[in-house]
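One structure below.
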Amino acid sequence: MTARVALAVALAVGAIAPRPVRAAAPEPLPARLAGRGGELFASVDLSAVFAPSLERQLGNGLTNVVAVWVAIVPEGGGEAVALYGRVVEILFDVWEETYTVVVKDARAPGGARTVLRDFAALRRFLSDERDLDMGLVSELPSGRFVVEARVEVNPVSKEQLQRTREYIANPPATGRPGGSGGSRSFLGAVASFLLREPDPGTGVHRLRSRPFARAEVAAR
Amino acid sequence: MSARLAGAARRAAGALRFSRFELKIALALVIAATLPLLGALLLAGRVAEENLSLGLDPRVVQRLEGIPSLYGDLFQARKQLYAEQARALARGLPRNRSAANAYLASSLERTPRLRRVTWFGRDGRIIAEAETETPNPEGEWREAPARVALPRGGRLECVFAIEARFFAEVNEARELAELVQGVDVLRSEIRRSYVRAFGVLLVAWAAGAAAVGIWLARRTTRRLSALLLAVRRLAAGDLNVQVDPGRGTDEVAGLARAFNAMVREVRESRDRIVYLEKISGWQEVARRLAHEIKNPLTPMKLAFQQLEARWKTSPARASDAGFEQLLGDAGEIVREEIGTLQRLVDEFSGFAKLPEVRPEPADLGEFADEFLRTSPQIREAADVELVRASGACPVALDKALMRRVLANLASNAVEAARPGRASVHLGVSRTRDRAVLTVSDEGPGVDRALRARIFDPYFTTKGSGTGLGLAIVKKIVLQHGGEIEAGERPGGGASFTIALPLRATGPDAPGAPAPR
Ligand SMILES: Nc1ncnc2c1ncn2[C@@H]1O[C@H](COP(=O)(O)OP(=O)(O)O)[C@@H](O)[C@H]1O
Ligand SMILES: [Mg+2]
């Protein structure tokens with residue numbers, strides 16, 4: 001699968017498209033690449049992003065979303081030659097005390113559901129991105145390249161944007177106790193129409209692996 | 001087809017082309033409409049922000065986000081309580097099986113929310129169990145299990161009830177918290193979107209104001225442009241130009257009416273001058289002709305009289321009866337033709353020597369009345385009636401010349417009715433500033449195509465006509481400062497309308513207008 005197709009599919013998942021972010025030095029990314037039957041698989045370790053301190057946030061009983069983009073980029077920079085994207089929805093069940101995780105990616109646009117016992121298991125699940133399909137080895141650039149990852153914690157999703165639009169267009173009826181739903185507001189309707197996605201905020205992490213050469217991959 | 005399209009396109013382009021005046025008015029309206037709103041736009045951002053922070057107090061957001069954890073704590077406490085109760089039950093469990101059954105059954109009543117309790121033996125078989133049938137006092141419930149391993153092997157499994165509503169509540173709280181969280185994250189975007197919405201509405205409002213402004217401006221400027229165009233055409237010499245003043249009563253409409261009146265007056269006085277110049281040329285011709293014809297007439301008459309006198313005394317008279325007859329006939333012809341020529345000469349010189357108009361104050365109605373009373377020959381030749389539609393019609397008249405006008409018109413009517421007897425209708429009325437005299441008949445009328453020419457001198461359709469009658473009429477009328485027009489009498493016949501300026505009748509009004 002080419003980077004372009006992967007991107008298109010990821011967009012179709014209805015999640016979050018990667019947006020340009022203010023350049024900050026990326027963190028180091030432990031990564032392994034393997035070629036199997038001419039296809040390239042990447043395994044990356046994102047544990048730097050998912051620190052144990054995230055337990056409070058991810059275990060708060062609300063739906064948390066983690067978007068992960070892994071790309072192969074020529075070392076000198078330029079357009080990604082391969083791109084993998086996944087969106088993970090995490091919900092901590094306060095009764096069962098387990099994490100329910102729904103993963104959406106090109107292979108499972110509808111989402112694949114997993115239940116994890118505790119935060120340690122969740123952390124392993126999120127950090128250890130194993131055997132990501134990065135397309136064909138033959139499409140790798142001839143020069144050196146790096147694996148880049150971009151992780152967004154709780155980005156504004158399309159659904160969230162949509163929900164907020166509805167909220168603005170039908171603001172909760174104030175001064176009408178028991179007023180169900182809300183009242184239609186003209187200004188709100190126009191405003192909701194003009195509501196845009198915000199710039200990615202603080203929850204964005206960028207990571208970058210050491211440079212690889214094509215020969216390293218093919219050898220294995 | 002394509003030409004029509006092109007025409008429509010040109011019209012559309014014309015409708016979109018704005019004059020500077022229109023743009024100025026539209027701009028003024030836009031400024032007036034939007035200036036206060038611009039201030040409001042500045043406020044809108046703050047209002048949106050303040051509203052949002054009122055609705056989205058960060059403490060409220062935090063509390064909402066914390067609700068699922070609170071339920072988590074509640075669940076935790078319940079689980080601990082249930083585990084503790086299960087342990088207590090296990091401690092008091094008798095070894096004896098039937099006693100255990102009774103113990104478990106009574107524990108159901110003693111332990112709140114306990115629904116079922118089962119003692120499993122070491123081998124996993126059920127040794128004793130009890131289950132309550134009474135409905136849970138707290139309504140719908142879900143199972144909350146609690147297991148205790150027994151020190152002598154086997155285990156005690158308890159099933160407690162936990163209120164089902166907690167789960168619904170935690171879900172509801174979660175959804176609400178997620179929504180509010182989203183709105184909170186988007187807070188600054190929302191504020192911006194409100195400002196943008198306000199801006200969009202403002203632009204729409206300004207566009208509306210501009211459209212209304214242009215529409216209003218156009219109603220005036222279109223008339224001003226029409227006036228400007230008319231003035232240009234007038235300057236280029238077109239005296240037939242008129243503008244539509246519309247039904248309005250504003251200054252522009254007044255200007256248009258004044259312009260129309262001015263153009264009409266200029267055109268009429270020009271027509272008058274042109275006509276009078278033409279007439280005086282023809283009068284000169286008539287004077288010469290009359291002179292040339294009149295001079296030989298007398299010698300001709302005398303010569304023939306001599307011839308006749310000589311013949312009366314001639315001896316050959318008795319023998320030549322044939323010549324006598326011939327001479328008699330010839331004499332008759334010569335005298336008749338000379339008579340005709342004499343009349344022609346009289347008419348020509350009458351036309352040539354038309355006197356200057358000397359108007360005196362008079363009433364047009366009374367004048368018409370008097371004319372009829374003193375013109376028996378007309379009443380003999382035709383049935384004449386006079387209708388005076390309005391009271392006083394003060395005008396300045398040269399009565400003698402005006403009588404000629406009426407006489408000429410009447411004799412035309414009489415001639416047109418031949419061989420029948422003519423019916424002549426005289427009418428006197430007045431408009432705001434004119435006295436109107438109409439002379440109409442029930443004859444064949446004047447052909448529309450000829451109406452422009454009948455006032456020309458020497459234009460006649462009659463074998464023995466001179467074509468001078470109406471020329472004289474028109475000259476006299478024009479010299480009175482009036483106009484004459486040929487038209488049609490409703491019901492058939494010719495109708496001549498003479499309009500004369502009304503004489504001001506105030507104490508200090510000037511008497512008669514100066515002759516033209
Ligand atoms: N009352 C009338 N009815 C019909 N035609 C008329 C009438 N008055 C004038 N005309 C037309 O106008 C022409 C010019 O009239 P006028 O100037 O009086 O000359 P004339 O009477 O010598 O022909 C007439 O020949 C006739 O064709
Ligand atoms: Mg005549």
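In this text, all values refer to a predicted model and were calculated from it rather than measured experimentally. Each chain gets a letter, A, B and so on, in the order the sequences are listed, and its residues count up from 1.
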Point to revise | side-chain contact (heavy atoms from CB on, under 4.5 Å) partners of A:Arg130, counting only residues at least two apart | key: A:Ser43, A:Asp128

**Study point:** Smallest separation among heavy atoms of A:Thr164 and B:Leu186, with atom names
**Key:** OG1-CD1, 3.3 Å

Review point. Counting a contact as any heavy-atom pair under 4.5 Å apart, which residues of residues 198-207 of chain B contact chain A?
Key: B:Phe198, B:Val200, B:Leu201

Check your understanding: Can you pull out the residues in residues 136-144 of chain B with any heavy atom less than 4.5 Å from chain A?
Key ->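 Within residues 136-144 of chain B, the residues under 4.5 Å from chain A are B:Arg142, B:Glu143, B:Ala144.
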
Practice item. Kindly indicate whether the side chain of A:Asn60, heavy atoms from C-beta on, has any atom under 4.5 Å from the side chain of B:Pro68. Key: no

Check your understanding: Got A:Val94 and B:Gln76 here, is their nearest side-chain heavy-atom distance under 4.5 Å?
Key -> no

Check your understanding: Can you tell which of B:Glu175, B:Lys79, B:Gln181, B:Arg196 has the highest number of heavy-atom pairs within less than 4.5 Å of chain A?
Key -> B:Arg196

Check your understanding: Distance-only, no hydrogens or angles: does the B:Glu189 side chain make a donor-acceptor pair with backbone N or O of A:Leu195 under 3.5 Å?
Key -> no

Check your understanding: Is it the backbone or the side chain of B:Glu65 that comes under 4.5 Å from a heavy atom of chain A, or both, or neither?
Key -> both

Exercise for review: Report the distance from atom CG of A:Leu62 to atom CD1 of B:Ile67, rounding to the nearest 0.5 Å.
Suggested key: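 Taking CG in A:Leu62 and CD1 in B:Ile67, the distance rounds to 9.5 Å.
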
Revision key, fill the gap. Rounding to 0.5 Å, atoms CZ (A:Arg56) and OG (B:Ser69) come to a distance of 7.0 Å

**Study point:** CZ (B:Arg110) with more than 12 external heavy atoms under 6.0 Å
**Key:** yes

Sequence neighbours excluded and cut-off under 3.5 Å, please list the side-chain donor-acceptor pairs for residues 158-167 of chain B, or say none.
{"from": "B:Glu163", "atom 1": "OE1", "to": "B:Arg78", "atom 2": "NH1", "distance (Å)": "2.8"}
{"from": "B:Glu163", "atom 1": "OE1", "to": "B:Arg78", "atom 2": "NH2", "distance (Å)": "3.4"}
{"from": "B:Glu163", "atom 1": "OE2", "to": "B:Arg78", "atom 2": "NH2", "distance (Å)": "3.1"}
{"from": "B:Arg165", "atom 1": "NH1", "to": "B:Glu169", "atom 2": "OE2", "distance (Å)": "3.2"}

